[in-house]
Protein chains: 2
Amino acid sequence: MESLTDRIRRGDVLAAACPSRAILRHMTSQWGVLVLLVLRERTHRFSALRRRIDGVSERMLAQTLKLLEGDALVRRVAHATVPPHVDYSLTPLGEEAAAHVAQLTDWLEVNVSRIIGSDAAIDA
Amino acid sequence: MESLTDRIRRGDVLAAACPSRAILRHMTSQWGVLVLLVLRERTHRFSALRRRIDGVSERMLAQTLKLLEGDALVRRVAHATVPPHVDYSLTPLGEEAAAHVAQLTDWLEVNVSRIIGSDAAIDA
DNA sequence: CCGCATCCTTTAAGATACTG
DNA sequence: CAGTATCTTAAAGGATGCGG
């Protein structure tokens with residue numbers, strides 16, 4: 001039987017105390033997913049991200065970006081100009097992560113109709 | 001310029017009103033991800049899922065399962081026995097979804113060290 | 001002006017006792 | 001055993017302020 005310490009060392013997302021759990025939460029958070037997706041196309045500034053990601057609040061966008069930056073998935077470059085100009089882009093690590101996220105969303109966008117069409121599909 | 005209606009018809013996750021947004025939220029929710037992962041191995045009953053997914057509460061597990069069932073990703077089979085016995089498994093659609101989720105978590109488990117090791121990695 | 005930080009309200013998550 | 005009802009706690013959303 002594998003010990004908890006071993007599972008954490010392995011990066012097991014099923015272990016609550018494993019750091020991978022937190023990173024997974026950031027990446028797959030409601031806005032984290034969309035931020036990664038949008039940054040995958042190109043660098044965006046804060047306000048551009050906000051406009052692109054329909055429904056996100058300034059507060060949540062800022063928080064999400066900070067978390068992803070803390071996980072070394074997103075790079076933040078602030079230009080010391082007036083008015084301020086801050087560019088967000090993916091790190092190499094972030095591009096790998098975002099690629100996986102994009103696979104998921106691509107699959108979803110293609111298959112939404114199968115889900116909505118199914119008789120199990122009840123809204124919630 | 002593409003209209004909002006067209007984007008929704010296309011399943012665009014960036015459109016807040018698109019059904020794909022809600023499904024994406026369910027799939028990538030904190031517990032949704034882990035439920036899909038665990039069900040990918042095999043059918044589990046409620047209590048087994050609860051034990052396997054470290055940290056999940058009964059309430060959240062029940063809610064997550066209901067949402068995923070509503071999205072036709074999870075199948076719920078209740079046996080009319082005393083004591084009750086309910087089996088949860090993936091639908092074919094759910095297996096496709098779970099496969100993408102697993103790709104993401106597999107990548108993460110392999111690369112956590114790169115993230116934790118990076119100097120950007122601040123916990124939050 | 002833009003990119004946040006802060007404050008406050010609203011909503012969702014977590015713990016747990018309880019029922020069919 | 002597999003949930004639901006209820007209560008408590010934390011996180012999300014909105015409005016506003018402020019420094020660069």
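These values consider heavy atoms only, across backbone and side chains, with no hydrogens, waters or symmetry-generated copies. In what follows, chains carry the letters A, B, and so on, assigned in the order in which the sequence lines appear, proteins first and then strands, with residues in each chain numbered from 1.
- Between A:Leu34 and A:Val56 there is no side-chain heavy-atom pair separated by less than 4.5 Å.
- Proximity of a side-chain donor or acceptor of A:Glu109 to a complementary backbone N or O of B:Arg10 within less than 3.5 Å is not detected.
- No engagement by A:Val82 is indicated, since no non-hydrogen atom pair under 4.0 Å with the nucleic acid exists.
- Counting non-hydrogen atoms under 4.0 angstrom, B:Gln63 reaches the backbone sugars and phosphates but no base.
- Residue-level contact check: B:Pro83 touches the backbone only, with heavy atoms under 4.0 Å from sugar-phosphate atoms and none from bases.
- Formation of a donor-acceptor pair under 3.5 Å by the B:Ser89 side chain with backbone atoms of B:Thr43 is not found in this model.
- Between the CG atom of B:Leu65 and the C1' atom of D:dT4 there is a distance of 14 Å, rounded to whole Å.
- Atom-to-atom, CZ of B:Arg25 to C1' of C:dA13 comes out at 15 Å; the value is rounded to the nearest Å.
- Here C:dC4 presents its C1' atom at 8 Å from CZ of A:Arg76, a figure rounded to the nearest Å.
- The side chain of B:Tyr88 contributes no N or O atom lying less than 4.0 Å from OP1 or OP2 of D:dC1.
- B:Lys66 has no side-chain polar atom (N or O) that falls below the 4.0 Å cut-off from OP1 or OP2 of D:dG3.
- Atoms CD1 (A:Ile53) and C1' (C:dG3) sit 15 Å apart, rounded to a whole Å.
- Put simply, B:Arg45 has a side-chain N or O that comes within less than 4.0 Å of OP1 or OP2 on D:dA2.
- Under the 3.5 Å distance criterion, the side-chain polar atoms of A:Arg21 are matched with a main-chain donor or acceptor of A:Leu14.
- In this structure, B:Ser47 reaches the D:dA2 phosphate: one of its side-chain N or O atoms is under 4.0 Å from OP1 or OP2.
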